[in-house]
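Structure first, commentary second.
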Amino acid sequence: MGKTFQKPEALSDAITHYCPGCTHGVAHRLVAEVIDELGIRGRTVGIGPVGCAVMMYNYFTFDFQEAAHGRAPAMATGAKRVRPDLIVFTYQGDGDLASIGLSEIVHAANRGEKFTTIFINNAVYGMTGGQMAPTTMPDQRTTTSPFGRKVADVGMPIKMAEMLTSLETPGYIARQALIKPKYINRAKKAIKKAFTYQIENRCFGLVELISTCPTNWGMTPVDALKWAEEKMLHYYKLGEFKNPDED
Amino acid sequence: MGKVLMKGNEAIGEAAIRAGCLNYFAYPITPQSEVAEYLARRMPEVGGVFLQGESEVAVSYMIFGAAACGERIFTTSSSPGISLMSEGISYISGAQCPAVFVNIMRGGPGLGGILPSQADYLQSTKGGGHGDYKLLVMAPASVQEAVEMVMRAFPLAEKYRNPVMILGDGLIGQMMEPVEFPDHLKVEPSNKNEWATNGMDTRKSKTRNLVKTMYLNPEELNAHNLKLKAKYEQMAREEILYENYNLDGKYKVLIVSYGTMSRVCRTAIDNLKANGLEVGMVRPQHVFPFPHQAINQAASKKSCQAVLSVEMCMGQMVEDVERSVLGKRPVHWYGKCGGEVPTPEEVMEEVERLLS
Ligand SMILES: Cc1ncc(C[n+]2csc(CCOP(=O)(O)OP(=O)(O)O)c2C)c(N)n1
Ligand code: SF4
């Protein structure tokens with residue numbers, strides 16, 4: 001009998017520092033599998049965020065840049081413009097991408113930069129201890145919204161995938177979730193599509209991944225998965241929003 | 001190639017291309033927008049990369065991302081834009097990537113004005129961004145010197161794996177002067193495969209490279225900062241550059257001045273000499289590392305009664321001059337910071353007032 005399970009070459013042997021039940025690890029694995037399957041490890045440059053995944057370079061086995069908070073899309077732009085032969089991706093949390101780095105991601109997407117963004121939407125700031133993010137759900141309690149996110153005060157959560165879809169520039173935009181095997185399989189397909197469009201020099205690609213942060217949500221990993229499915233998926237609709245083949 | 005008449009900003013753009021830098025990202029701001037306008041036309045001609053970023057914050061990180069791939073890269077901006085880039089400059093310094101930044105200074109603080117100024121002296125020589133880092137800072141006094149400095153800046157940035165800044169006042173960018181471009185200079189960054197994130201396939205070793213600035217372990221961060229410090233100390237040993245003017249005679253006053261301001265001082269010194277008053281000058285061409293010793297020596301001359309720092313700002317360089325003179329002579333300041341360049345007559349009056 002052959003091997004039924006093995007670690008992708010693009011993943012290192014290091015044990016991750018993520019909390020038990022955190023979906024960052026799932027996202028990492030999907031990215032690594034896709035990079036292996038596409039055979040692009042030797043020309044890939046990852047750009048990590050500032051957030052819980054700041055040390056993600058320890059878990060991968062190819063070139064990596066560590067960005068400043070929110071600026072990964074600008075770094076990816078710089079890298080890809082001067083070395084179009086490289087495969088460049090950013091990996092960003094929702095504080096990183098939807099708050100401090102909003103301008104960078106919108107303009108990179110609008111210019112149609114030929115890189116790929118993996119966007120982890122876990123509805124909080126994980127690394128700094130569970131503060132409110134632009135993606136925090138209405139009435140969701142966080143350390144800086146202790147009485148729940150008050151929409152009248154701070155507005156509705158930003159739907160990044162839809163917002164970027166509204167740009168006229170062709171691109172690939174999808175939202176999937178890391179909370180059940182069937183969603184995870186779709187997430188991998190979306191990630192692979194986004195990288196493939198980059199390899200074909202077609203367009204910018206972003207895959208938003210609905211994720212969990214059991215630690216800062218104050219839940220067990222299983223309850224967190226349930227909460228994400230029940231509370232987030234009706235607002236953050238899954239699917240492919242934009243595809244360069246349709247434009 | 002003979003001399004051509006060129007505006008400083010355009011000459012700076014052309015100099016970068018001749019230095020083998022075919023990558024440029026920028027955001028428009030007066031008084032340096034002509035660099036971007038020039039390169040928007042010129043880069044496609046030479047197969048280079050031109051991109052107007054959405055902000056100076058973004059531009060500084062485009063520079064970081066490109067520099068981290070080991071490619072020659074530069075940007076130009078002016079004071080408020082450099083403030084925004086300072087975060088990126090701190091990261092690029094920490095990550096030890098070579099890059100060239102040009103600051104064609106205007107008046108501040110805040111929006112200040114759009115006329116020439118030297119009010120970013122402290123920002124560029126003492127920090128700007130956060131953390132223990134230094135830039136090699138070159139201060140040209142003519143369009144010709146700006147061209148030569150831009151061309152030297154790239155190999156120096158690569159030698160130190162550190163950003164280099166060209167600190168020009170608005171006049172350097174706006175002035176038309178005849179320039180001669182030195183021979184094409186293109187030095188490949190020799191060791192980039194050891195550190196640049198240019199894809200593992202590029203390298204024989206097939207080991208991956210990492211460009212980063214975070215060291216959570218205090219010992220590691222301290223060791224990293226000691227490594228950076230050693231580079232700045234090496235700069236202080238090897239990269240001091242200045243020019244002496246009229247230091248042979250028995251000068252009564254020593255002027256320290258750089259950039260366009262130093263040219264006005266030169267005229268003032270010539271005029272005073274004609275009137276029978278000897279004044280000398282040390283002109284730092286690099287303001288970091290600062291020529292402390294040269295200034296100390298010049299100030300120590302018996303005939304010298306006082307030292308005058310002449311700047312288009314409120315005396316930001318005085319501290320460095322004082323640290324050079326070490327109390328041997330009184331150090332004074334003269335300057336303006338509204339956008340007007342002091343005239344030779346005003347400098348002459350100030351020197352005479354000092355001696356009366
Ligand atoms: C300029 C700057 N401001 C603030 C911070 C502090 N900070 C670090 S991570 C972070 C939030 C990260 O949250 P998110 O992007 O959602 O990622 P997660 O940790 O949830 O994966 C903040 C505010 C910083 N490092 N830099
Ligand atoms: S704090 Fe949240 S996002 Fe960060 S590692 Fe823990 S569970 Fe994951």
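Lettering follows sequence order; numbering is per chain, from 1.
When heavy atoms are compared at a cutoff of 4.5 Å, Arg83(A) approaches chain B solely by way of its side chain, counted from C-beta outward. At a 4.5 Å heavy-atom cutoff, Ala72(A) makes no contact with chain B through either its backbone or its side chain. Neither the backbone nor the side chain of Ile63(B) has a heavy atom closer than 4.5 Å to any heavy atom of chain A. Neither the backbone nor the side chain of Ala76(A) comes within less than 4.5 Å of any heavy atom of chain B. Only the backbone of Ala196(B) comes within contact range of chain A, judged by heavy atoms closer than 4.5 Å.
Contact annotation for residues 86-105 of chain A against chain B (heavy-atom separation below 4.5 Å, listed by residue number): Leu86(A), Ser103(A), Glu104(A). Residues of residues 54-63 of chain A placed with any heavy atom under 4.5 Å of a heavy atom in chain B are listed by number as Val54(A), Met55(A), Tyr57(A), Asn58(A), Phe60(A), Thr61(A), Phe62(A), Asp63(A). Residues of residues 79-91 of chain B lying under 4.5 angstrom from chain A, judged on non-hydrogen atoms, are Glu87(B), Tyr91(B) in numerical order.
Of the charged side-chain nitrogens involved, at least one lies within less than 4.0 Å of a carboxylate oxygen, so that Glu14(B) and Arg18(B) count as a salt-bridged pair. At a threshold of 4.0 Å, the pair Arg202(A)-Asp245(A) counts as salt-bridged, since one of the basic side-chain nitrogens sits closer than that to a carboxylate oxygen. Looking at Glu200(A) and Lys114(A), no side-chain N of the basic residue comes within less than 4.0 Å of a carboxylate O on the acidic one, giving no salt bridge. At a threshold of 4.0 Å, the pair Lys159(A)-Glu208(A) does not count as salt-bridged, since none of the basic side-chain nitrogens sits closer than that to a carboxylate oxygen. Under a 4.0 Å N-O distance rule, the pair Glu158(B)/Arg72(B) qualifies as a salt bridge. Under a 4.0 Å N-O distance rule, the pair Glu10(B)/Arg42(B) does not qualify as a salt bridge.
Asn121(A) and Arg175(A) form no side-chain donor-acceptor contact under 3.5 Å, judged by distance and modelled atom types alone. The closest side-chain donor-acceptor pair between Gln32(B) and Thr76(B) falls under 3.5 angstrom. Using a 3.5 Å distance cut-off with no hydrogens or angles, the side chains of Asp120(B) and Asn103(B) do pair a donor with an acceptor. Remark: the Gln131(A) side chain and the Thr128(A) side chain contain an N/O donor-acceptor pair separated by less than 3.5 Å.
Cation-pi check for Lys212(B) over Tyr215(B) is met; the charged atom lies under 6.0 angstrom from the ring centroid and within 45 degrees of its normal.
To the nearest 0.5 Å, atoms SG (Cys203(A)) and CZ (Phe115(A)) are separated by 11.5 Å. Once rounded to the nearest 0.5 Å, the distance linking CD of Gln52(B) with CE of Met62(B) reads 10.0 Å.
The choice from Val50(A), Asn110(A), Val106(A), Val82(A) that makes the most heavy-atom pairs within less than 4.5 Å of chain B is Val82(A). Here Val211(B) is the residue among Leu216(B), Thr202(B), Val59(B), Val211(B) with the most heavy-atom pairs under 4.5 Å with chain A. Listed options Met75(A), Arg41(A), Arg43(A) were ranked by heavy-atom pairs under 4.5 angstrom with chain B; first place goes to Met75(A).
A centroid separation of less than 6.0 Å is found between the aromatic rings of Tyr24(B) and Phe74(B).
Trp195(B) approaches Pro98(B) most closely through the heavy-atom pair CH2-CD, 3.3 Å.
Residue pairs satisfying the salt bridge (charged side-chain N to carboxylate O under 4.0 Å, His left out) criterion with at least one member in residues 46-62 of chain B, sequence neighbours excluded, are listed as follows: Arg111(A)-Glu54(B).
Tyr172(A) pairs in a ring-ring contact (aromatic ring centres under 6.0 Å, His included) with only one of the listed residues (Phe204(A), Phe241(A), Tyr197(A)), which is Tyr197(A).
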